[in-house]
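To start, the structure under review is shown below, and the notes come after it.
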Amino acid sequence: MCIQHCSKFIGVSLYPFCAISIICNILLFFPGWSLDAINTPEVKMTPEVLYLGGLLGSGVLVLIPAIYVHCTGKPGKCNNRCGMFLSVIFSAVGVCGALYGLVVSALGLVNGPRCEYLFLSGRVQWTIPFKLPLEFLNIDRSYLFNRNAWDRCVQPAGVVEFNVIFFSTILASSCIQTVLCAIQMLNGLFGCLFGTCSRKY
């Protein structure tokens with residue numbers, strides 16, 4: 001595939017993944033479709049949501065390179081050796097953003113949501129229960145593989161499924177973005193060294 005066509009394909013391909021990451025991160029501000037967490041984020045919001053991995057990392061920090069990479073795929077001022085060199089730098093920023101989104105979403109999955117948790121003793125408390133040692137929760141493996149533990153998160157309703165779905169989506173999106181930006185770094189390097197395949201008529 002021609003270098004400029006590859007750039008255009010990668011730029012266009014990054015757009016939907018940026019949009020998905022941004023939307024998922026925004027929706028995570030409303031755990032279980034509840035508005036309560038917005039009013040008291042320090043008590044009811046999952047900390048990883050506030051790190052903005054999907055909004056800033058896999059969103060804005062990948063969207064800006066995507067726009068530039070898309071431009072290098074079109075005939076014009078960006079479609080030359082210098083433009084391709086700049087696309088390598090922009091793509092490196094995109095890789096960093098995607099990796100940030102990946103790490104934050106992975107932490108969000110591993111640590112689990114903040115919720116009002118019903119302990120075995122009957123005590124109900126707002127906490128991040130799945131960060132506690134497993135013996136406190138009377139489970140023998142990660143909550144991700146033990147759906148029975150999910151029901152003990154009383155409020156917001158369905159918050160565990162909510163977090164798992166959206167953090168998993170950001171995680172998958174970030175992985176794909178990392179690969180696409182890394183490919184564009186190589187593509188841009190080849191374009192910088194050997195020139196683009198644009199034709200002048």
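Contact annotation: the side chain of Thr46 never approaches that of Pro31 to less than 4.5 Å [non-hydrogen atoms, C-beta and beyond]. Using a 4.5 Å heavy-atom threshold, the side chains of Lys44 and Gln155 count as separate. For the pair Ile170/Ser174, a side-chain contact is recorded, criterion being any heavy-atom separation below 4.5 Å from C-beta on. Asn187 places a side-chain heavy atom less than 4.5 Å from the side chain of Ser7. Looking at Tyr117 and Gln125, their side chains never come closer than 4.5 Å, going by heavy atoms from C-beta outward. The shortest distance between side-chain heavy atoms of Pro47 and Tyr51 falls below 4.5 Å.
Aromatic pair Phe162/Trp33: centroids less than 6.0 angstrom apart. Not less than 6.0 angstrom separates the ring centroid of Phe17 from the ring centroid of Tyr15.
Here the shortest heavy-atom pairing between Ile10 and Leu180 reads CG2-O, 3.7 Å. Considering every non-hydrogen atom in both Val95 and Cys181, the closest pair reads CG2-CB, 3.5 Å. Across all their heavy atoms, Leu109 and Leu171 have their closest contact at CD1-CD2, 3.9 Å. In terms of heavy-atom proximity, Gly188 sits nearest to Val88 at C-CG2, 3.5 Å. Considering every non-hydrogen atom in both Val62 and Ala98, the closest pair reads CG2-N, 3.8 Å. In plain terms, the two heavy atoms of Gly11 and Val69 that are nearest each other are N-CG1, 3.9 Å.
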task: Step by step, work out the side chain to side chain contact (heavy atoms under 4.5 Å, CB included) result for Leu55 and Ser21.
output: CA-CA 6 Å; Leu55 192 60; Ser21 297; over 6 Å; no
query: Can you check side chain to side chain contact (heavy atoms under 4.5 Å, CB included) on Leu14 and Leu63, steps first, answer last?
result: CA-CA 7 Å; Leu14 285 170; Leu63 182 60; over 6 Å; no
field: Chi angles and distances behind the side chain to side chain contact (heavy atoms under 4.5 Å, CB included) call for Val93, Ile64
entry: CA-CA 9 Å; Val93 173; Ile64 294 170; over 6 Å; no
task: Could you please spell out the steps behind the side chain to side chain contact (heavy atoms under 4.5 Å, CB included) verdict for Tyr100 and Cys96?
output: CA-CA 6 Å; Tyr100 177 71; Cys96 293; over 6 Å; no
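Ile38 and Val159 fall within the same hydrophobic cluster, where Ile, Leu, Val, Met, Phe, Trp and Tyr residues are linked whenever their side-chain heavy atoms come under 4.5 Å apart, directly or through other members. Neither Ile89 nor Leu186 shares a network with the other; the hydrophobic side chains, linked directly or stepwise wherever heavy atoms of I, L, V, M, F, W or Y lie under 4.5 Å apart, form separate groups for each. With hydrophobic clusters built from ILVMFWY side chains whose heavy atoms lie under 4.5 angstrom apart, Ile26 does not share a cluster with Val104. Clustering ILVMFWY residues whenever any of their side-chain heavy atoms sit less than 4.5 angstrom apart, transitively, puts Leu61 in a cluster other than the one holding Ile183. Side-chain heavy atoms closer than 4.5 Å link hydrophobic residues (I, L, V, M, F, W, Y) into clusters, and following such links, possibly through other members, connects Phe167 to Val164.
For the residue pair Ser87/Gln184, the side-chain donor-acceptor check at 3.5 Å is satisfied. Side-chain contact check for Ser58 and Ser173: no donor-acceptor pair (N or O, by modelled atom type) lies under 3.5 Å.
Here the CG atom belonging to Leu189 is positioned 8.5 Å from the CE atom belonging to Met185, to the nearest 0.5 angstrom. Rounding to the nearest 0.5 Å places CD1 of Ile165 at 8.0 Å from OG of Ser168. Note that the CG atom of Asn163 and the SG atom of Cys115 stand 9.0 Å from one another [nearest 0.5 Å]. With values rounded to the nearest 0.5 angstrom, Gln177 atom CD is found 11.0 Å from Ser13 atom OG.
The aromatic rings of Phe130 and Tyr143 sit parallel to each other, their planes meeting at less than 30°, with 60° as the upper class boundary. Between Phe90 and Tyr68, the ring planes are parallel. Angles under 30° get that label, and only those over 60° would be called perpendicular.
Summarising the local packing, NZ of Lys8 is surrounded by 12 or fewer heavy atoms from other residues, nucleotides or ligands at distances under 6.0 Å. Heavy-atom neighbours of Phe29 CZ from other residues, nucleotides or ligands within 6.0 Å: above the threshold of 12.
Side chain of Arg114 to backbone of Met45: a donor-acceptor contact under 3.5 angstrom is found. A donor-acceptor pair under 3.5 Å is formed between the side chain of Arg152 and the backbone N or O of Leu118. No side-chain donor-acceptor contact under 3.5 Å links Thr40 to the backbone of Ala37.
Of the residues Ile23, Leu27, Ile20, Val49, the one that meets the side chain to side chain contact (heavy atoms under 4.5 Å, CB included) test with Phe166 is Leu27.
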